[in-house]
J.: 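Next up is a structure, given as structure tokens.
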Amino acid sequence: MRLSQLFLKTTRDISKDEVSKNAQLLTKGGYVNQLMAGVYSYLPLGYRVLQKIERIICEEMDAMGGQELLLPALHPKENWLATGRWDGLDVLFKLKGAGDRDLALGATHEEVVTPLGMTVLQSYKDFPKAVYQIQTKFRNEARAKSGLLRGREFRMKDMYSFHTSQDDLDAFYERSIEAYVNVYRRCGLGDVTYLTYASGGTFSKYSHEFQTVTDSGEDLIYIVPGKGRVAINKEIIDDPEALASILPNYQPGDEKKLETAKAIEVGNIFKLGTKYSGAFDFEYTDKDGSRKVPVMGCYGLGPSRLMGTVAEVLSDEHGLVWPEEIAPYKVGLMCLRPGDEACKKAADEAYAALQKAGVEVLYDDSEASAGEKFAQMDLLGLPWQAVVGPKSAAEGKIEWKKRATGEKSVLLAGAWPF
RNA sequence: CGGGGCGUAGCGCAGCCUGGUAGCGCGUCUGCUUUGGGAGCAGAAAGUCGAAGGUUCGAAUCCUUUCGCCCCGACCA
């Protein structure tokens, strides 16, 4: 893509009262644009990042046996009355449809996927099954904040699994942890993302959150020593019984010695048991002909929040720093002097060669000054920068810079550092 | 939902206290000069001053109401 053709305008100044780093950088870089509090447009660069994150999530969900589908965002009141959440979920958006009918916008989808599951899963032979979707969720948060981290409209992957036994649910749940770890690793957050024990609700001892450590996080986690990236959230730090089963050789008071860290919740998995299947009288026929209620699990992960977290955690003083798998383009190619024929020719050729090799490249063919191009490309945060100036063009060379490390190398045109 | 701050050109801001019909920077457009870390000069276009009501000869400015944005708190399958 030529920069001159791209729907993009980066900016140097944004409002001084926007303090959230992810919102600052993503707005300055032209990745997103705020429409209202907690609601953002994803511009072409930003949407490419979002789609790459979503593709990674899909691949990992597919790999563990999830099947993608798409549920409605518009729901009838009756489904939410059935679970008690029409009045019980305070962030539920409610609206009136034709004929004055009460409707809700999807804040989560147990109310839709459970009755849907009933229509397909009728015999023990139909189990287990897991379906997932990625779609826009709506939550009427009292206070939207922190850029992409807490919006009223946001992208969410939600998977729901159906099982005939607790053991089967448990096994699937463990596999989902591996899949989630893969997602965070591929998005560049593997080293700072912790599997975090959280309270489990009615049907299990624990649920789990995935927490990415950063000073801008809103949650506080307590890091479990000697277990890799495992932590405990503050909900259960006061529960001695729970602590004893998580911390080896736990003695009362040990929790006070745990190292703490601020973190962003980037995922949440739950064992739902029969909470929703029960609410909808979801029964299947077992081997012996008896009617039984399946157990369910749900597995949430927000791509837009993950994108904001990456912007927050991996950026530096010059701008964004995208990991290669989710960068909007792999290479930012700059022609420093498009007015110089030899320089322009060398850059055009490099652009063509990269494209021919299937490398995603953003080509700054604009008339802007060299300094402006460097600064803008640093802000955009593509993993590799390739510079063609009049001097290097004359020598048949291209200067490369790795954005994350600043490491530079000069290579003959046609040779690439990756 | 409680508290605080702020709404003035596409974006970022000054002007408001002490009323007299609006200015700066960035960006945009034209021309010339520049060209390796957000270039210089000259010129130009662009604003119902968030909205409504009130006070006044006259309101961006004072008063009332209202909407929005940001922050703190509460909340957060």
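In what follows, every heavy atom counts, from backbone to side chain, and hydrogens, waters and symmetry copies are set aside. Lettering follows sequence order; numbering is per chain, from 1.
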J.: Run the ring-ring contact (aromatic ring centres under 6.0 Å, His included) test on A:Tyr194 and A:Tyr222 for me, step by step, so that the C-alpha distance in whole Å, both residues' side-chain angles and the decisive distance to 0.1 Å come before the verdict.
T.: CA-CA 10 Å; A:Tyr194 286 68; A:Tyr222 298 76; over 10 Å; no
J.: For the C1' atoms, the ones on B:U64 and on B:G20, what distance do you get once it is rounded to whole angstrom?
T.: 24 Å
J.: Write down the distance between CG (A:Asn33) and P (B:C11), rounded to a whole number of angstrom.
T.: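 For the pair A:Asn33 CG and B:C11 P, the rounded distance is 9 Å.
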J.: With A:Met156 as reference, evaluate A:Gln133, A:Arg305, A:Lys137 under the side-chain contact (heavy atoms from CB on, under 4.5 Å) test and give the passing residue.
T.: A:Lys137
J.: Determine the interatomic distance between P on B:C63 and the same-named atom on B:U18; round to the nearest Å.
T.: 10 Å
J.: Could you encode protein contacts along nucleotides 23-28 of chain B as a string, one character per nucleotide from 5' to 3', using B for base contact, S for sugar-phosphate-only contact and - for no contact, with a heavy-atom cut-off of under 4.0 Å?
T.: --BSSS
J.: Show me the donor-acceptor pairs, under 3.5 Å and distance only, between side chains in residues 60-76 of chain A and residues at least two apart or in other chains.
T.:
residue	atom	partner	partner atom	Å
A:Glu60	OE1	A:Asn182	ND2	3.1
A:Glu60	OE2	A:Arg186	NH1	2.8
A:Asp62	OD1	A:Tyr132	OH	2.7
A:His75	ND1	A:Trp80	NE1	3.1
A:His75	NE2	A:Pro72	O	2.8
A:His75	NE2	A:His109	NE2	3.2

J.: Partner of B:G2 by Watson-Crick or G-U wobble geometry, both contacts under 3.5 Å, or none?
T.: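 Checking every strand shown, B:G2 finds its partner in B:C72, with both distances under 3.5 Å.
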J.: With a 3.5 angstrom cut-off on both distances, give the Watson-Crick or G-U wobble partner of B:C17, or none if there isn't one.
T.: none
J.: Using the ring centroid of each side chain, check whether A:His163 and A:Phe127 are separated by less than 6.0 Å.
T.: no
J.: Measuring only the P atom in each nucleotide, how far is B:G40 from B:G4? A whole number of Å is fine.
T.: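 Approximately 43 Å lies between the P atom of B:G40 and that of B:G4.
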J.: When the P atoms of B:U66 and B:G12 are considered, how many whole Å apart are they?
T.: 26 Å
J.: Does the separation of the ring centres of A:His208 and A:Tyr173 fall below 6.0 angstrom?
T.: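 Ring centroids of A:His208 and A:Tyr173 are less than 6.0 Å from each other.
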J.: Using the C1' atom as the point on both nucleotides, what is the distance between B:G10 and B:A42, in whole Å?
T.: 24 Å
J.: Return the pairing partner of B:G12 with a 3.5 Å limit on both distances, Watson-Crick or G-U wobble; otherwise return none.
T.: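 Pairing partner, where one exists within any strand: B:C24.
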J.: Cation over ring, A:Arg48 on A:Tyr329, under 6.0 Å and within 45°?
T.: yes
J.: Could I get the full list of salt bridge (Lys or Arg N to Asp or Glu O under 4.0 Å) partners for A:Glu367, not counting sequence neighbours?
T.: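 Once residues adjacent in sequence are excluded, A:Glu367 has no partner under the salt bridge (Lys or Arg N to Asp or Glu O under 4.0 Å) criterion.
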J.: Whole Å only: how far is the CD atom of A:Glu367 from the C1' atom of B:C32?
T.: 15 Å
J.: Cationic tip of A:Lys292 within the cone over A:Tyr284's six-membered ring, i.e. under 6.0 Å and within 45° of the normal?
T.: no
J.: On a whole-Å scale, what distance lies between the C1' atoms belonging to B:G2 and B:A9?
T.: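 B:G2 and B:A9 have their C1' atoms separated by 36 Å.
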J.: Within residues 328-336 of chain A, find the residues that approach RNA chain B with a heavy atom at under 4.0 Å, and present them sorted by residue number.
T.: A:Leu336
J.: Heavy atoms only, 4.0 Å cut-off, all strands: where does A:Ser392 land among base, sugar-phosphate and nothing?
T.: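 Base contact.
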J.: Rounding to a whole Å, what distance do you find between A:Gln24:CD and B:G12:C1'?
T.: 13 Å
J.: Can A:Lys94 be said to sit on top of A:Trp86's aromatic six-ring, NZ or CZ under 6.0 Å from centre and within 45° of the ring axis?
T.: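 Yes, cation above the ring, under 6.0 Å and within 45°.
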J.: Quick one: A:Arg337 CZ to B:U34 C1', roughly how many Å, whole number?
T.: 9 Å
J.: For a quick check of understanding: with a heavy-atom distance under 4.0 Å over all strands, which category does A:Lys16 fall into, base, sugar-phosphate or nothing?
T.: sugar-phosphate
J.: A:Gly389 near the nucleic acid: base, sugar-phosphate alone, or nothing, with a heavy-atom cut-off under 4.0 Å?
T.: base
J.: Tell me what A:Ala370 touches on the nucleic acid: a base, only sugar-phosphate, or nothing, going by heavy atoms under 4.0 Å.
T.: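 Sugar-phosphate contact only - A:Ala370 comes under 4.0 Å of backbone atoms but never of a base.
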J.: Identify the nucleotide, in any strand shown, that forms a Watson-Crick or G-U wobble pair with B:G53, with both distances under 3.5 Å; if there is none, say none.
T.: B:C63
J.: My understanding is that only residues two or more places apart in sequence, or in another chain, count here; which of them pass side-chain hydrogen bond (donor to acceptor under 3.5 Å, both in side chains) with A:Lys16?
T.: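 With sequence neighbours excluded, A:Lys16 shows a side-chain hydrogen bond (donor to acceptor under 3.5 Å, both in side chains) to no residue whatsoever.
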J.: Between A:Lys408 and A:Glu399, is a salt bridge (charged side-chain N to carboxylate O under 4.0 Å, His left out) present by the stated rule, with each step listed?
T.: CA-CA 7 Å; A:Lys408 291 179 181 171; A:Glu399 295 157 60; over 6 Å; no
J.: Report, as a single string ordered 5' to 3', how protein heavy atoms within less than 4.0 Å touch nucleotides 68-77 of chain B: B base, S sugar-phosphate only, - not at all.
T.: -SSBBBBBBB
J.: Identify, between A:Gln376 and A:Gly339, the residue whose nearest nucleotide on RNA chain B lies closer to the 5' end.
T.: A:Gly339
J.: For A:Leu333 and A:Ala347, work out which heavy atoms get closest and say how close.
T.: CD2-O, 3.5 Å
J.: Once the angle between the rings of A:Tyr206 and A:Tyr197 is folded into 0 to 90°, is it parallel (under 30°), tilted (30 to 60°) or perpendicular (over 60°)?
T.: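 Judged by the thresholds at 30° and 60°, the geometry between A:Tyr206 and A:Tyr197 is perpendicular.
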J.: Looking at B:A39, which nucleotide sits across from it as a Watson-Crick or G-U wobble partner, both distances under 3.5 angstrom, or is there none?
T.: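 Check on B:A39: paired to B:U33, both distances under 3.5 Å.
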J.: Taking the P atom in each of B:C49 and B:A60, what is the distance between them to the nearest angstrom?
T.: 6 Å
J.: If we take the C1' atom in both B:C24 and B:A46, what is their distance in whole Å?
T.: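 Pairwise C1' distance, B:C24 against B:A46, rounds to 15 Å.
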J.: Whole Å only: how far is the CZ atom of A:Phe374 from the P atom of B:U35?
T.: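 Whole-Å distance recorded here is 15 Å.
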